[in-house]
Each structure stands twice: as structure tokens, then as C-alpha cells.
Number of protein chains: 2
Amino acid sequence: MATLKDVAKASGLSVTQVSRALNNHSDVNEATRDKVKAVARSLHYSPNLSARKLVSGRSGMVGLVVPLMPDLASDGVFMEGVAGLSTQFSDRDMQFVLHVTRESEQAIIPVYKRLIGNGALDGFVLMHPDENDCRASYLAREGVPFVVHGRIGTDPDHAYFDIDNEGIFYDLTQHLTALGHRRIAFLNGLSWRTYVGARLRGYQRALRDAGIGPEQEIIRNGEMTEALGLVSSVELFAADGPTPTAVICGSVRIAKGVYQALNVLGLSIPQDVSVLAHDDHLSQIQTAAFFPALSVSDAPLSESWKPLADCLADAIAGADLADVQRIGSHQIILRHSTAAPRR
Amino acid sequence: MATLKDVAKASGLSVTQVSRALNNHSDVNEATRDKVKAVARSLHYSPNLSARKLVSGRSGMVGLVVPLMPDLASDGVFMEGVAGLSTQFSDRDMQFVLHVTRESEQAIIPVYKRLIGNGALDGFVLMHPDENDCRASYLAREGVPFVVHGRIGTDPDHAYFDIDNEGIFYDLTQHLTALGHRRIAFLNGLSWRTYVGARLRGYQRALRDAGIGPEQEIIRNGEMTEALGLVSSVELFAADGPTPTAVICGSVRIAKGVYQALNVLGLSIPQDVSVLAHDDHLSQIQTAAFFPALSVSDAPLSESWKPLADCLADAIAGADLADVQRIGSHQIILRHSTAAPRR
DNA sequence: AAAAGCATCCGAAACGTTTCGGAACTGTTA
DNA sequence: TAACAGTTCCGAAACGTTTCGGATGCTTTT
């Protein structure tokens with residue numbers, strides 16, 4: 001492999017200047033810079049990461065550590081995310097690597113310890129955080145850069161990219177209260193996920209703002225599957241007494257289950273029940289193909305890899321905290337699954 | 001992070017001797033070695049991979065590069081394999097990393113080029129090889145160590161771990177010919193997989209040895225799913241004329257489809273049709289729970305990660321080719337799905 | 001004419017490790 | 001007593017890169 005010295009010799013410059021030229025430093029003549037780069041290319045020069053790491057402290061490698069879980073492989077999202085991050089970091093001349101471990105989620109700290117101890121990795125991506133996430137506190141304590149997909153706590157002191165879960169679910173709920181709904185069911189995800197808590201806060205705040213007390217909250221938690229939508233709907237709508245007039249679903253999958261249940265129960269959408277969902281474009285289900293077409297909040301997860309990579313790269317470069325805390329955009333798409341409640 | 005120099009200072013020795021002590025070199029006193037190791041541990045010393053790589057040429061990191069494919073995520077095996085390799089290499093004080101790329105299978109060479117160009121990785125694991133695998137020829141040409149899960153061609157000149165696919169399917173076929181079967185169907189995998197070719201050769205050789213000509217071969221190729229077993233069985237057994245008296249299945253999944261089809265067609269196992277399969281313990285299907293219990297050749301894939309890691313580690317260490325070409329063991333488990341053909 | 005500023009370059013040190021060549025002992029043999 | 005072998009240790013060089021502190025020459029200002 002060609003080294004800096006080879007390039008220096010071939011271009012008649014010092015190693016120093018060649019290094020500065022290739023790294024786009026200020027004090028090198030434009031013409032020399034171009035020449036050096038041409039020579040480097042012709043020699044197939046590729047910087048030795050180990051040498052670079054040794055002196056600069058940066059290897060240009062970042063990683064994601066995940067415990068092997070049964071649902072991991074079946075989770076199509078996961079691989080999609082890994083590939084997305086991989087290409088994003090490639091575009092930044094960085095390497096993204098995945099480390100799958102058999103260790104349980106609790107015993108995962110030593111894995112990080114090894115990985116940062118020998119200095120192979122510059123930083124980490126953390127997915128699926130939970131409140132009091134031990135990985136985050138460990139990395140923060142060690143001073144290792146990392147970025148979280150999501151947020152830990154309100155007002156976190158770490159780099160993150162997240163969508164405005166609270167705001168989104170405030171908007172969804174508020175849309176229903178504005179239509180006159182007062183008994184609004186919320187089929188949320190697993191309670192220990194941070195985003196589930198945020199969504200709950202948004203829902204509750206919107207209810208409060210509409211003068212609906214907490215005693216009127218109708219909430220179900222569970223894995224975000226069709227089964228949750230199905231079972232919850234049957235429970236809620238087949239019961240005696242006042243039933244909800246609207247349902248907010250944490251995912252399109254859940255909404256699909258709700259549609260099935262309401263169909264079986266002979267309830268029509270939106271006349272009898274309004275349905276809303278959040279669409280992260282994860283499931284392959286086309287929301288427009290629902291009948292009636294499903295109204296959703298729309299925030300594709302696939303658009304998060306780029307900002308996520310940006311945040312980590314900037315965090316490693318030592319950017320200010322405020323610059324590496326970013327919120328994705330979202331929109332509400334109204335179709336035909338909501339209406340004013342029957343009176 | 002503690003460095004060698006710190007350990008040297010703390011133990012009153014030179015950096016040289018500390019290095020030699022930690023790496024178990026010969027010319028260091030037993031007592032000093034123990035003392036040095038104790039000090040290193042107490043200082044939480046962990047060798048800097050970059051520095052080591054720089055001088056010794058080894059980083060202790062190996063990788064697996066895979067293109068992002070839709071079937072990848074759903075493939076439970078894949079993740080299992082990644083985790084298996086990860087733990088195996090961890091046990092050898094090496095790091096195993098996965099690089100998922102969006103590049104197509106053809107355009108994957110540049111990814112390897114980048115990864116070895118900057119010297120981050122010592123070697124690679126190659127999965128799912130095909131005949132004339134371009135990755136293998138590239139890596140061989142570049143002199144980069146790699147190990148193949150499977151074999152490329154007969155008599156390959158690369159490191160590999162494989163099971164004796166030809167021998168296994170020779171044995172399965174031969175078991176049937178010995179019982180008197182002469183029309184033996186073979187439901188094999190996708191034809192471009194190397195192991196599919198090897199299995200075919202075993203099947204054909206056993207037929208030839210039993211005096212059964214190639215015109216009597218009954219072969220189907222396809223993805224190794226229940227569907228293949230189902231569809232093929234219906235085609236083969238619902239046809240007019242002489243039908244097979246036995247079926248060899250490339251996987252337990254296929255066999256499950258065969259069982260279903262034969263049940264529907266009113267054919268009983270093993271009286272009307274004998275069924276055999278190869279079990280790699282991939283699908284969660286219990287072969288003993290088949291009715292009648294399925295006879296199989298047994299070679300758990302999960303046992304291949306250790307030898308695979310061994311081979312690559314040895315290949316990087318510069319072992320002889322013969323020492324890094326290994327064949328796994330297998331056994332034939334006879335249960336109740338085969339019998340002599342009805343005459 | 002001297003001083004100051006600028007653009008462009010370079011030598012040398014540093015990062016943490018391994019390894020080559022040899023040194024300093026001890027004990028053994030001629 | 002000298003030569004030798006064996007054991008245990010160490011200094012210094014090397015790996016390929018970045019970066020600090022300065023050097024050189026040229027232009028502009030005082």
C-alpha cells in the first residue's frame with residue numbers, strides 16, 4: 001500500500017505538506033493541493049487508519065452494539081437502519097460497524113468497555129434507549145461521543161436525533177378534541193420506551209387543554225402489532241357502558257388491527273369511531289389503501305439516518321451540545337378516517 | 001487510558017519487557033510475568049489496537065461484509081451466525097464486525113477495497129459463496145486472509161470450513177437404494193449455491209453406484225421452503241405413470257411441505273413413500289415431532305462458527321493451507337420415515 | 001530602508017506498540 | 001582462568017500519520 005511518504009516523494013514535497021494538502025488545510029497552494037491529490041489518486045493512496053488514530057485520536061470508525069434478540073432479525077427495520085447508517089457514514093469517509101453480542105442487555109457495558117478501551121472506535125450510535133439508560137450514562141461518564149436515536153429524559157445532555165413525539169401526539173389528540181370527541185382511546189407502545197412516554201404526555205396535554213380530565217383517559221400499552229389493535233378494540237367497544245368515539249394508534253400496524261376489529265363489531269369508520277395513527281413507514285402497509293383511507297401523522301424513520309450520522313460526526317468533532325440535538329420534521333395527513341362524533 | 005509505559009513505570013520494568021510479558025514471550029521470568037499481568041490488570045490496561053496494528057500489521061479485527069438484501073433480515077440464521085462469530089472471535093481477543101452495505105452484490109468489491117486499503121481489518125469471513133465468487137478471487141489476489149463458509153469449486157486453494165455435503169447426500173441416497181428404491185426424487189436448493197452442486201454430485205454418485213442411470217434422476221431446485229416441498233410433491237405424485245418411491249429433501253422445511261402434500265394426496269409415509277431430509281437445525285421445526293418421525297442427516301449449522309473463527313485466526317497467523325481447510329462432522333439419524341418400497 | 005504581514009512550505013516530535021540486536025548477569029565447561 | 005551457554009532484561013528503531021513551531025521568500029506598510 002502506498003504511504004504518505006510515497007506520495008511525498010512522487011510529488012516532490014514534504015510529508016507534512018502532502019498531509020496538509022490531502023486534509024484541505026489552509027496553508028497550501030491551490031495548485032499544489034490539486035497536484036498532490038492527483039498523485040495520491042494515481043498511487044491508490046489510502047490513509048492508514050491506525051496511524052491516523054494513533055496521533056489524532058480519531059480512527060474514523062463508529063459502531064452500533066446490539067444484543068442478540070430473537071425479534072432483532074425479524075425486525076426488518078433494524079437491518080434497514082444499519083444499512084442506512086452504513087451508507088451515511090461512508091459518505092463522510094467514516095466506517096460504520098455493527099457489533100452483535102450474545103450478552104444480555106444488562107451485561108452489555110463490558111462490551112463497550114472493550115471496544116473503547118482498545119481505542120478502535122470513535123463513537124457509538126444508541127438505538128432504542130430507555131429511561132435511565134445505562135449505556136448512555138456509562139458512555140457519558142467515560143467521555144466517549146455517542147448519539148441517541150430518540151431522547152433520554154426531558155432536556156437531555158447528550159447528542160440525539162428524535163422526532164417530536166409529544167408534539168405529534170398532541171396534534172393528533174387535539175385534532176380529535178376539536179372535532180368534539182371526549183372519549184379518545186390511545187393504543188400506545190411498550191411503556192418503558194422513551195418515545196412512548198413522550199407520546200403519552202402529548203396525548204394528556206391535549207386532553208387537559210380541551211378540558212378533559214385524566215379520569216377520561218383510555219390507554220392501552222403493548223407491542224405495536226395488529227394483535228394489540230384487535231384485542232384492545234374488542235375490549236373497548238364490546239364492553240357495556242360508554243365506549244370511546246375515537247382511537248389513536250401508535251403505529252399503522254395497530255390501526256390495521258383496529259380496522260379489523262371494528263369491521264367485525266359492525267362499527268363503521270368514521271361514522272361510529274374515528275381512527276388516527278402515526279406512520280413511520282416501517283410496516284409496508286400503505287395507509288392510503290386502508291378503507292376508509294387512514295389519517296396519519298407522517299414521519300418516515302428512513303429519514304433519520306442522515307441526521308443521526310450528522311450528529312455523531314459533529315459530536316466527535318467536538319461540536320456544541322446544542323448543535324447535535326436535532327428534531328425531525330413531521331406532518332399531519334388527513335384522509336377519511338376521522339369525523340365529528342355521533343351525538 | 002493506561003499505556004504500556006504506565007505499566008512499565010508501575011512495575012519497575014522497561015516497556016520492552018512489559019510488552020513481552022503480556023504477550024507471553026519466552027524470555028521473561030515466570031514471576032515477573034505474573035507481576036506484570038497483575039499490574040496491568042490493576043491499571044485497567046488495554047492495548048491500543050491502532051498502535052499494535054501499526055507496527056505488527058495486525059489489528060485483531062476481522063469483518064463480514066454483506067449487501068443489504070430483503071431476505072437478509074428475515075433470515076434468522078444470519079443474525080445467529082453473526083452473533084456466533086462475534087462471540088467466537090471475542091474468545092480469541094479479536095473483534096468481529098459486520099459491515100452492511102447498500103451496494104449490490106456485484107459492486108461489493110470496492111467496499112472490501114476501502115476496508116482493507118486503510119488497514120482496519122485483518123481478514124474476512126465469506127458467507128454464501130457461489131462458484132466463481134468474485135470476492136474470493138479479489139481477496140486472494142490482494143493477499144488478504146479470508147475464510148469461506150462452504151467451498152468454492154472442488155479442491156479449493158482457500159481457507160474454509162464446510163460440511164461434507166457430497167458425502168452426506170451420498171449416504172442418504174445410498175440408504176434408500178440399499179432398501180431397494182430406484183425412483184428417488186431430490187428436492188435440492190437454488191442451483192448456484194455451491195453446496196447444492198455438491199449435494200447433487202453425492203446423489204448422482206450414489207445412484208450410479210446402485211446401477212441407476214441418470215435418466216432416472218428426479219430433481220427439483222428452488223428456495224428451500226415448505227412451498228417447494230408442497231408443490232414438487234403434488235407435481236411428482238399426482239402425475240400419471242410411475243411416481244417416485246422416495247424423496248430426499250435438502251432441508252427440514254422442504255420435508256414439512258412434502259409431509260403435508262403426501263397427507264393430502266392420501267399417500268402414507270413410509271409405506272407408500274420414504275422421506276429423508278438434511279437437518280441443519282436452522283428452522284425451529286423438531287424433526288422428531290414429525291409423524292412419522294423424520295429420518296435425517298444431522299449437522300447443526302450452529303457448530304460451524306467455532307471452526308470458522310479458528311480457520312480465519314489461523315489463516316491470519318499464517319498457517320499452512322491444509323491446516324485451515326476443515327470439514328465438519330455429521331451423522332445419520334434413522335427414525336421412521338423410510339422403508340423398503342412397496343412392490 | 002526597515003518592519004510587518006502573508007502565503008507557502010518543511011523538520012522534527014509525538015502517538016503506543018512490537019521487535020531487533022545486544023547487554024548483563026549466572027552457572028557450566030574446557 | 002577463560003570461554004561458553006542460558007536466562008533475563010533493556011535501548012532504540014520502526015510503523016504512518018498529524019501537528020507544532022519555525023523558516024523562507026514575497027509584498028505591503030511605516
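Chain A is the first sequence line, chain B the second, and so forth, proteins listed ahead of strands; every chain is numbered from 1.
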Discussion item. Quick check on the helix from dA1(C)-dT30(D) to dA30(C)-dT1(D): what's the angle between its two end axes, five base pairs per end, to the nearest 10°?
Written reply: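 Nearest ten degrees gives 70° for this helix.
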Fill in: Side-chain donor-acceptor pair present, Asn118(A), Ser46(B), cut-off under 3.5 Å
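No, Ser46(B) and Asn118(A) have no side-chain donor paired with an acceptor closer than 3.5 Å.
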Fill in: Lys37(A) side chain to Asn24(A) side chain, donor-acceptor N/O pair below 3.5 angstrom
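Yes, Asn24(A) and Lys37(A) have a side-chain donor paired with an acceptor closer than 3.5 Å.
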Worksheet item: So, do Leu64(B) and Met127(B) sit near enough that their side-chain heavy atoms are less than 4.5 Å apart?
Response: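 Counting from C-beta outward, Leu64(B) and Met127(B) do come under 4.5 Å.
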Discussion item. Could you tell me if the side chain of Val111(B) sits less than 4.5 Å from the side chain of Ile109(B), heavy atoms only?
Written reply: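 No - every pair of side-chain heavy atoms lies 4.5 Å or more apart.
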Item to complete: Check each residue of residues 110-119 of chain A for a non-hydrogen atom within less than 4.0 Å of any atom in DNA chain C, then write out the ones that pass by number, or none.
Response: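 Under 4.0 Å from DNA chain C: no residue of residues 110-119 of chain A.
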Worksheet item: Does atom CG of Asn132(A) have more than 12 heavy-atom neighbours from other groups under 6.0 Å away?
Response: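 Atom CG in Asn132(A) is not packed in, count stays at 12 or less.
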Worksheet entry | side chain to side chain contact (heavy atoms under 4.5 Å, CB included) involving Asp314(A) - partner list, sequence neighbours excluded |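 Residues passing side chain to side chain contact (heavy atoms under 4.5 Å, CB included) with Asp314(A): Ala319(A), Val324(A), Arg326(A).
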Discussion item. Just to verify, what does Arg102(A) make a side chain to side chain contact (heavy atoms under 4.5 Å, CB included) with, not counting sequence neighbours?
Written reply: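 Result, side chain to side chain contact (heavy atoms under 4.5 Å, CB included) vs Arg102(A): Leu68(A), Glu80(B), Ala83(B), Thr87(B).
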Worksheet item: Given the side-chain rings of His128(A) and Trp192(A), with only the six-membered ring counted for Trp, is the space between their centroids under 6.0 Å?
Response: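 When the ring centroids of His128(A) and Trp192(A) are compared, they turn out to be at least 6.0 Å apart.
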Worksheet item: Touch check for Thr32(B), heavy atoms < 4.0 angstrom, all strands: base, sugar-phosphate only, or nothing?
Response: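 Here Thr32(B) touches the backbone only, sparing every base.
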Discussion item. From CG of Leu13(A) over to P of dG11(C), roughly how many Å is that when rounded to an integer?
Written reply: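 Leu13(A) atom CG is separated from dG11(C) atom P by 11 Å.
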Practice prompt. Just grab all the ring-ring contact (aromatic ring centres under 6.0 Å, His included) pairs involving residues 88-118 of chain A, residues at least two apart or on different chains.
Written response: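 Only Phe89(A)-Phe96(A), Tyr112(A)-Phe124(A) qualify under ring-ring contact (aromatic ring centres under 6.0 Å, His included).
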Worksheet item: Which nucleotides of nucleotides 14-25 of chain D have their base under 4.0 Å from a protein heavy atom (B), which only their sugar-phosphate (S), and which neither (-), written as one string 5' to 3'?
Response: -BBBBB------
Worksheet item: Got a second to check how far Asp27(A)'s CG is from Arg20(A)'s CZ, nearest 0.5 Å?
Response: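 These two atoms lie 4.0 Å from each other.
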